[in-house]
Amino acid sequence: MHSTDSAKGLGSKLTAICCLLLHLFLFPQPAASQTQSSPRYLQNGDNNNDRMQQILKGSGAVSGVTQLNWPQPPKQTIPNVRTELAKLNNTYLYQSAWPAKNVKLGAVTAVSFDKAGNVVIFHRVDRIWGQSTFDLKNEFQEQYRGPIRESTILALEPSTGEVQYEWGKNFFYMPHGLTVDPEENVWLTDVAMHQVFKFPPRGGNGKPLLSLGERFKPGSGRKFCKPTSVAVLDNGDFFVADGYCNARILKYSPAGDIILTWGQNSFAGVSYDVAPQNFFAIPHALTLVPELDLLCAADRENGRVQCFFSINGTFHSQYHSQLIGDRLFSMAYTPAAGGQLVIVNGPTAELGIHPEHYNEVHGFVLNMRSKQLVSKFGPNNLEFHNPHDVAVTADGNEIYVAELNPMRIHKFVHRSQAKPMSLSATKDSSNSAISKSVGEEPAPLQTVHHPSGKAILVASLMLLFAGSTFAMALLFARRRKRGNQAINSAPPSDLVYRKLTSSNQSCLPFGARSRRHAWEKSEGFKLGGLLDRDRNGFEKLDQQASDEEQETTTLAGAQFA
């Protein structure tokens, strides 16, 4: 009996296995890579590693990353990105005259604020992160050049843009991240040295208070591999984004001891529509949200912001928009308007693989409660080229954007705080569209509220011309009156008519009502003809003026055709 049941059970199992094999043969399952969305980057391999580095603007290849397979949610309907971007308001005005003209910069990589409100920036002076800057092992290849000889940290006065102080000579090789903490210590990351440094306020004596990582030695564990950014809590605990290679976040005690670490690398040459929580494709920048006890990271190549509880690193939320695109370089938090993230994206890395993905490089303001974009901004309402970092004041009134190329630090002011233009500046407003089309920057906003010298000169000339015309008209009228009175030989009826005419002339300040027609011959130029108020007297002059305007318009059209 038992043997019969066993035989039946074995037969059922064999039947099930045969059915399963037959099903797999007839209906093969898709490969793992097919469950993922189409690749945004080239696959990681020896033959195309240089191309990969070019896409990442110098970052090293990721090694040891296994292909990850997780279920993807249904794809959302892609909106018309161009149309939706056009609907966003421009709530910040560009300050094109900031900083001061004597400020010379290299590629600007980071921006923060000190306690005095100065805008503190980190720049590379004469260094460029190129394709050959690092080898395949992420080791820096230009140590022979030595450290950057000039100041790499500048503090700019927020109103004038003048340099208040500077430091950082003969120390850094490839600057990246900068953060000023609540005690005004300055935290900096150098991707060439693979290190994180804590300096005293304003650089102190030029020696760091704390150094983490091993000089020029990339790695994991207690080592870094191209660290990108630092964020510091009020209690002295701090976070490091170990960005380009390890794709992780570490939390440290004030003494520099590791408290916790989290994050896995999702960058393996494949893009996902929605990357999973705690996975990064280059955590590029960090910012704190004190009201919610959150740490937020710019997940650069996943085009999103991920936020975590700062106490234990557990996931809280993420922010992504198809209008921002697939690359998000940095963000900064402001409590204004209930909590906002100011974001800068970057140019698409698809390099023609997906030309249907429209991309614009702007600054964006995202409401954290609704997770919706509320506005955008850019230099002269145009696009950036390569923005790298962003900082916003606590009140949300001023935004500063660090850009690699062109090598600039940009300033934007909220429209509610912008000062009105003066009379001398308004005359150029009609030409602003033309200036934008040829790449010119409009004149900076004027803060002086009185007419310019040119305006006063023009007004004076107009008054002088009106006065002289009035005087000549009176003089001409009086001379005609005297001439009419001297004629005694005319018939009485004609004399009466002339007296009536002359009396009318003496009452009208701009001359008599002449009854001569425009087509009648005249012996020469007559001022009275110009001053005549009769419609017929101006008929010929009107026609000539129209002809001149038409001819001028025709010539202008031919010139700009």
Side-chain angles (χ1 to χ4, degrees), residues 58-60 109-112 114 120-124 127 129 134 138-140 143 147-148 152-153 167-168 170-233 235-263 280 282-288 295-298 300 308 310 313 330 388-389 391 402:
S59 65
T109 62
V111 55
S112 185
D114 64 13
V120 186
I121 64 174
F122 203 16
H123 75 120
R124 292 174 178 164
R127 297 293 165 87
W129 186 347
F134 295 88
N138 299 305
E139 294 180 350
F140 185 60
Q143 294 187 44
I148 299 172
T152 53
I153 296 97
W167 57 280
N170 299 311
F171 191 93
F172 299 98
Y173 285 77
M174 190 62 68
H176 197 279
L178 177 149
T179 301
V180 181
D181 71 15
E183 296 182 357
E184 218 165 9
N185 299 304
V186 185
W187 298 78
L188 300 138
T189 67
D190 190 301
V191 291
M193 291 190 282
H194 306 284
Q195 286 186 289
V196 176
F197 303 99
K198 174 187 177 181
F199 282 86
R202 302 196 175 192
N205 58 0
K207 295 182 179 180
L209 302 173
L210 180 67
S211 298
L212 298 175
E214 189 172 345
R215 185 179 174 90
F216 295 113
K217 297 295 183 181
S220 57
R222 293 188 173 274
K223 294 181 180 180
F224 300 115
C225 187
K226 298 174 184 170
T228 54
S229 183
V230 176
V232 185
L233 295 173
N235 66 357
D237 291 348
F238 62 95
F239 302 88
V240 174
D242 190 15
Y244 284 95
C245 318
N246 295 322
R248 60 178 179 165
I249 296 176
L250 302 95
K251 183 177 181 179
Y252 291 84
S253 70
D257 299 321
I258 297 178
I259 299 175
L260 60 91
T261 178
W262 74 93
F280 298 105
I282 307 178
H284 196 257
L286 299 174
T287 191
L288 296 170
L295 170 78
C296 296
R300 196 182 92 173
F308 308 88
S310 58
S330 185
H388 196 258
D389 193 24

Taking P283's backbone N and O only, do any of them form a donor-acceptor pair with T228's side chain (distance below 3.5 Å, no angle check)? yes
Would you mind reporting whether P227 and Q195 have side-chain heavy atoms less than 4.5 Å apart? no
At their closest point, which heavy atom of A110 faces which heavy atom of A402, and how far apart are they? N-CB, 4.0 Å
F134 ring center within less than 6.0 Å of F140 ring center: yes
Are W129 and Y244 near enough that their ring centres are under 6.0 Å apart? yes
In the structure I gave you, are the side-chain heavy atoms of Y252 and L212 within less than 4.5 Å of one another anywhere? yes
Donor-acceptor check, side chain of R124 to backbone of P175, threshold 3.5 angstrom: yes or no? yes
Check for a donor-acceptor pair, side chain of S112 on one end and backbone N or O of L178 on the other, with a separation under 3.5 Å. no
Can a donor-acceptor pair be found, under 3.5 Å and without considering hydrogens, that links the side chain of K251 to the backbone of S310? yes
Nearest atoms (heavy-atom pairs only) where V232 meets L288: O-CD1, 3.1 Å
Sub-4.5 Å side-chain heavy-atom contact between P201 and V186: no
Would you check if L295 and I249 make a side-chain contact, meaning some heavy-atom pair closer than 4.5 Å? yes
Measure from NZ or CZ of K198 to the centre of the six-membered ring of F238, then state whether that distance is under 6.0 Å and the direction lies within 45° of the axis. no
Within-4.5 Å side-chain heavy-atom neighbours: F171 and D190: no
Nearest-0.5 Å distance, OG1 of residue T109 to NE2 of residue H123: 9.0 Å
I'd like to know if the side chain of D389 reaches the main chain of V111, judged simply by a donor and an acceptor atom lying under 3.5 Å from each other, with no hydrogens or angles considered. yes
For W187 and V196 the tightest heavy-atom approach is CE3-CG1, 4.4 Å
